[in-house]
K.L.:
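Below you'll find the structure I mean.
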Amino acid sequence: MTKEKNLYILDGHALVFRAHYAFINRPLMNSKGMNTSAITGFVRSLWDIIVNRQPTHIAVSFDVSNITFRNEMYPEYKANRDETPEDIRKALPYIKKIVEGFNIPIFTLENYEADDIIGTLSKQAEKKGFNVYMVTPDKDFGQLVTEHIKIYKPSRQGNGVEILGIPEVLKKWDISSVDQVIDMIGLQGDSVDNIPGIPGVGPKTASKLLKEYKTVENLLEHTDEIKGKLREKIESNKEQGLLSKKLAIINTEAPIVFDEEATVIQNANREELAKIFTELEFRTLSNTILGEHKDGVQQALFGVEPVEAKDLPVIDKIAPKNYQNVNKEYLLIENKEDRADLITTLAGSEAFCFDTETTSLYPRAAQLVGISFCIEPNKAYFVLIPEDHNEAQKIVSEFKSILENEKIIKIAQNIKYDSIVLKNYTIDVKGIFHDTMLMHYLVHPELRHNMDYLAETYLAYKTISYDEMTEKKGKNQLTLRQVAKDKLKDYASEDADITYLLHEKLYKELDESGMKNLYFEIEEPLIKVLAQMEFDGIRLDSEFLGDYSKELNEKILNVKDEIYKMAGTEFNIASPKQVGEVLFDLLKIPYRWKKTKSGQYSTNEAKLSELSKDHEIVLKILDYRELTKLKSTYVDALPKLVNKTSGRIHSSFNQALAATGRLSSNHPNLQNIPIRTESGRKIRKAFIPENDDHVLLAADYSQIELRLIAHMSNDEAMIEAFNKNQDIHRATAARVYDVPYDEVTDHQRRNAKTVNFSIIYGAGSTNLSQQLDIKRSEAKELIDAYFNQYKGLKKYMDDTVKFARENGYVETLKGRKRTLRDINSKNRMAQSGAERIAINTPIQGTAADMIKIAMINIYDAMKAKEFKSRMVLQVHDELVFDTLKSELDELRDLVIKEMKNAIPDLQVPILVETGIGKDWLEAH
DNA sequence: GGTACGCA
DNA sequence: TGCGTACC
């Protein structure tokens with residue numbers, strides 16, 4: 001018997017798009033700011049096939065243009081498509097070059113889609129005795145599947161590869177013959193390709209109908225047997241259904257001939273590939289594909305043992321290094337002598353790296369399972385810590401002297417977490433913190449900063465997966481305590497070891513970026529402040545919330561009743577879908593907006609508010625929404641977050657998330673605790689001081705961003721207004737409307753205020769007109785008048801954008817940088833988005849720097865004075881202190897002074913407003 | 001308009 | 001994942 005012939009035909013565009021969008025939230029980026037998601041994803045899929053599937057023949061097909069014969073049948077075909085994203089357009093030439101580098105032929109054909117080319121080639125190849133695999137994520141290809149033609153669906157984020165033969169296709173579509181794929185599309189349509197189908201018919205109805213009638217044509221002949229609305233819909237859309245089916249048919253007779261010879265798999269052009277990979281900075285992929293040694297092309301490229309693709313996710317093939325193939329020395333330390341030796345070793349070091357393994361993501365609730373240490377590459381120690389708390393405390397205490405040694409630098413990934421966990425064991429980690437996560441955050445604020453990602457990008461190393469170690473299969477997962485100690489030793493040691501290696505690279509990169517000062521003067525000391533704040537937490541009045549919950553519950557029931565009465569029916573008010581149907585179908589309230597993507601009525605607040613003026617029920621629905629949201633998100637949720645040991649709430653502050661440099665908080669998120677409405681504000685009453693000897697002191701910056709923009713832009717008029725201590729919005733209105741300061745109307749002031757804010761956010765006239773409910777032209781005039789008064793501001797904004805264009809980044813007063821990859825984009829949307837960021841980031845980021853500096857200085861001063869009072873919250877421009885009454889006056893003076901002087905020598909005064917109260921609402 | 005988090 | 005809401 002001759003060898004089997006296996007042909008893989010890749011659906012180029014579909015794979016590229018899928019890869020691009022797979023990473024859309026955190027695109028892969030090289031140092032030149034190029035988005036490489038699409039290329040990486042495509043090449044990974046290609047390489048996966050070459051290595052794991054051992055094809056004998058291979059080809060790639062691409063679309064040539066958007067216009068094909070289908071547009072002659074139906075001009076709207078694919079007309080809903082947005083323009084190809086710029087990132088993809090830029091990626092395509094590279095992908096084609098790489099495919100050529102692999103010596104793989106590319107098939108294209110004018111006026112036909114890649115689908116048709118793949119269909120035609122597949123059928124011809126099948127006749128020549130091939131097994132054909134159509135490599136595509138598109139399930140429409142199901143119509144072409146036969147015994148020898150299958151769909152090969154590349155793996156998606158660990159989902160594993162799917163191979164669809166006839167039974168799989170039938171199951172996926174719930175049909176009885178693959179020919180019915182086109183009937184399915186004919187009936188249900190395809191929103192992606194803008195194929196209309198028959199309105200009101202979805203997948204369920206379509207397959208039910210086809211079970212009965214087999215084909216669209218047959219169905220249309222027997223519509224008299226169908227009942228009710230469905231019949232009407234089908235009868236009135238007959239033509240559309242037939243056309244849709246036609247559009248769905250993949251042409252297998254395209255004018256193209258399958259050239260068997262051309263598709264035989266060949267050795268790659270190593271030099272060509274190396275050149276492209278270098279340009280793209282694909283170190284990992286390049287190592288994987290080209291190997292690290294220069295000889296043995298055949299060996300490195302295709303001489304790989306066949307592996308079942310299912311068993312090995314693509315990623316394992318991509319990162320070449322891991323615990324299995326690099327020589328690592330990881331030692332398990334579980335007796336007192338070994339610990340003593342380790343401590344001696346660590347005590348003699350200038351710096352060591354450590355990492356804790358615990359039982360919880362939340363440090364205040366976490367128990368130590370072990371601590372790993374590393375002081376040289378590829379060697380690490382794992383100290384096992386038993387479950388018994390007294391035993392554990394004893395062992396941890398042995399390490400107190402070195403962890404609290406101020407002279408030893410501590411290297412760790414997200415050291416705030418470890419530091420809080422150790423506080424649970426009365427250890428206060430000291431010495432300078434070198435946090436790899438924060439270093440990377442400063443250098444690349446817009447990327448991800450988790451260790452696995454850093455290991456892959458900086459070290460080309462694939463770490464041991466947590467889920468693998470804990471044998472996660474579906475729902476069941478071992479806890480760390482259940483993991484065999486040797487396995488845990490490897491996992492934990494690797495964390496410390498990898499962090500150590502990452503530190504070498506990241507510290508250097510931080511230095512080169514010029515942000516070392518920013519790190520050591522702001523971020524590093526802030527870690528210690530935040531760790532203390534999180535550890536201390538804030539007291540919560542659960543009793544108050546319990547009462548409030550009951551109160552809200554009654555209100556909710558009342559509102560619900562009223563709504564049902566007005567609607568004349570009961571429905572789920574929490575469901576936007578049902579709300580839409582009741583309002584616009586049942587009650588016939590005119591609907592005059594676009595529907596949502598999923599074809600539903602949009603019922604967001606802006607639209608409902610507009611309707612609420614004329615329709616009482618809409619007002620009630622808004623009330624209902626507010627009350628239920630309040631109850632579930634805050635009133636009922638907050639008491640659940642009270643820590644059992646401390647009896648307090650320990651919100652976590654993420655220092656490495658917001659690209660502008662701000663902190664974010666979660667568990668709970670303090671940044672969206674309502675303030676606009678009365679019932680929302682009340683939530684703040686639940687945040688209370690430690691006891692009757694304490695009060696809450698709240699201090700917030702007044703107009704900090706406008707003051708900063710005044711300073712940074714050198715705008716004389718704005719600086720003058722602030723120096724005269726004027727109300728800035730009133731002063732703005734006086735200038736813009738050319739009226740005396742004292743005669744500004746409320747309306748004028750409100751407009752001016754809105755303009756002031758839209759300026760800070762870089763918003764344009766469109767946005768402003770919506771905010772103020774005025775015409776775009778009026779908004780434009782307003783903005784022009786504004787800039788005419790604040791000429792310095794205008795110039796600053798122009799200069800900032802110009803700087804960003806030339807340098808590719810913007811920065812804050814303290815040197816925090818943010819790269820703007822779209823600032824020179826040809827895509828207008830993307831570019832103006834980048835311009836807004838260019839204007840907003842320096843301001844928001846400087847304000848963030850400023851409050852961070854204030855926090856550090858206040859914290860240090862409080863420590864020096866041995867205050868019993870504690871800094872407990874930071875929200876945007878506000879700090880909250882749980883204050884011992886006897887320290888109140890001194891603390892307030894201190895806070896005001898440090899907040900004002902965080903960034904000295906500004907051209908405008910900085911105003912800090914303070915309040916005192918028995919709860920946060922009263923203090924605010 | 002962007003930057004977030006949490007709920008369903 | 002989409003939607004809602006908070007902040008700026």
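Residue numbering restarts at 1 for every chain, and letters A, B, ... go by the order of the sequence lines.
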K.L.:
For the rings on A/His729 and A/Phe757, is their centre-to-centre separation under 6.0 Å?
P.N.:
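Yes, the ring centres sit under 6.0 Å apart.
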K.L.:
Applying a 4.0 Å non-hydrogen cut-off, can you work out what A/Ala847 is touching in the nucleic acid: base, sugar-phosphate, or nothing?
P.N.:
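It contacts nothing in the nucleic acid.
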K.L.:
Starting from P on C/dC8, measure out to CD1 on A/Ile839 and report it in whole angstrom.
P.N.:
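Rounding to the nearest Å, CD1 of A/Ile839 and P of C/dC8 are 20 Å apart.
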K.L.:
In terms of the nearest nucleotide of DNA chain B, which residue is placed more toward the 5' end: A/Ala637 or A/Thr660?
P.N.:
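Nearer the 5' end of the strand: A/Thr660.
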K.L.:
Measure from the side chain of A/Arg625, starting at C-beta and using heavy atoms only, and say which of C/dG4, B/dC7, B/dG6 lies closest.
P.N.:
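It is C/dG4.
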K.L.:
Nearest to the A/Ile837 side chain among B/dT3, C/dC8, B/dC7, which nucleotide is it?
P.N.:
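For A/Ile837, the side-chain atoms sit closest to B/dT3.
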K.L.:
Ring of A/Tyr761 versus six-membered ring of C/dC8: centres under 5.5 Å and planes under 30°?
P.N.:
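Yes; by the centre-distance and plane-angle rule, A/Tyr761 counts as stacking on C/dC8.
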K.L.:
Do A/Arg364 and A/Phe535 form a cation-pi contact, if we require the NZ or CZ to be under 6.0 Å from the six-membered ring centre and within 45 degrees of the ring's axis?
P.N.:
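Geometry flag: set, cation within 6.0 Å and 45°.
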K.L.:
To the nearest Å, how far apart are A/Lys640 NZ and B/dC7 P?
P.N.:
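After rounding, the gap between these two atoms is 8 Å.
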K.L.:
Round to the nearest Å and state the distance from A/Leu638 atom CG to B/dC7 atom P.
P.N.:
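Interatomic distance, CG of A/Leu638 to P of B/dC7: 10 Å.
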K.L.:
Are OP1 or OP2 of C/dC8 and a side-chain N or O of A/Arg662 less than 4.0 angstrom apart?
P.N.:
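For C/dC8, neither OP1 nor OP2 has a side-chain N or O of A/Arg662 closer than 4.0 Å.
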K.L.:
Return the nearest nucleotide to the side chain of A/Arg836; candidates are B/dG2, B/dG6, C/dC8.
P.N.:
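Closest nucleotide to the A/Arg836 side chain: B/dG2.
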K.L.:
If I take atom CG in residue A/Asn666 and atom C1' in nucleotide C/dT5, what distance separates them, rounded to the nearest angstrom?
P.N.:
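From A/Asn666 CG to C/dT5 C1': 17 Å.
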K.L.:
Please report, rounded to the nearest Å, how far the P atom of C/dC8 is from the CG atom of A/Asp877.
P.N.:
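So the two atoms are 6 Å apart, to the nearest Å.
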K.L.:
A/Gln874 CD to C/dC8 P: how many Å, rounded?
P.N.:
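So the CD-P distance, A/Gln874 to C/dC8, works out to 12 Å.
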K.L.:
Under 6.0 Å between ring centres: does that hold for A/Tyr362 and A/His650?
P.N.:
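Centroid distance A/Tyr362-A/His650: not below 6.0 Å, so no.
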K.L.:
Contact class for A/Ser832 vs. all strands (heavy atom < 4.0 Å): base, sugar-phosphate, or nothing?
P.N.:
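No contact.
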K.L.:
What is the separation between atom CZ on A/Phe653 and atom C1' on B/dC5, rounded to the nearest whole Å?
P.N.:
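For the pair A/Phe653 CZ and B/dC5 C1', the rounded distance is 14 Å.
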K.L.:
Between A/Val880 and A/Glu878, what is the shortest heavy-atom contact and its length?
P.N.:
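Heavy-atom minimum between the residues: CG2-OE2, 3.9 Å.
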K.L.:
Start at the 5' end of DNA chain B and walk down; is the nucleotide closest to A/His667 or to A/Arg818 reached first?
P.N.:
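So the residue in question is A/Arg818.
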K.L.:
A/Asn672 near the nucleic acid: base, sugar-phosphate alone, or nothing, with a heavy-atom cut-off under 4.0 Å?
P.N.:
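It contacts base atoms.
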K.L.:
State plainly whether the residues A/Asp727 and A/Arg749 are in salt-bridge range, i.e. N to O under 4.0 Å.
P.N.:
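Yes.
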K.L.:
Closest to the A/Ser632 side chain: C/dT5, B/dG1, B/dA8?
P.N.:
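Nearest to the side chain of A/Ser632 among the choices is B/dA8.
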K.L.:
CG of A/Asp822 versus P of B/dG1: gap in Å, rounded?
P.N.:
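From A/Asp822 CG to B/dG1 P: 16 Å.
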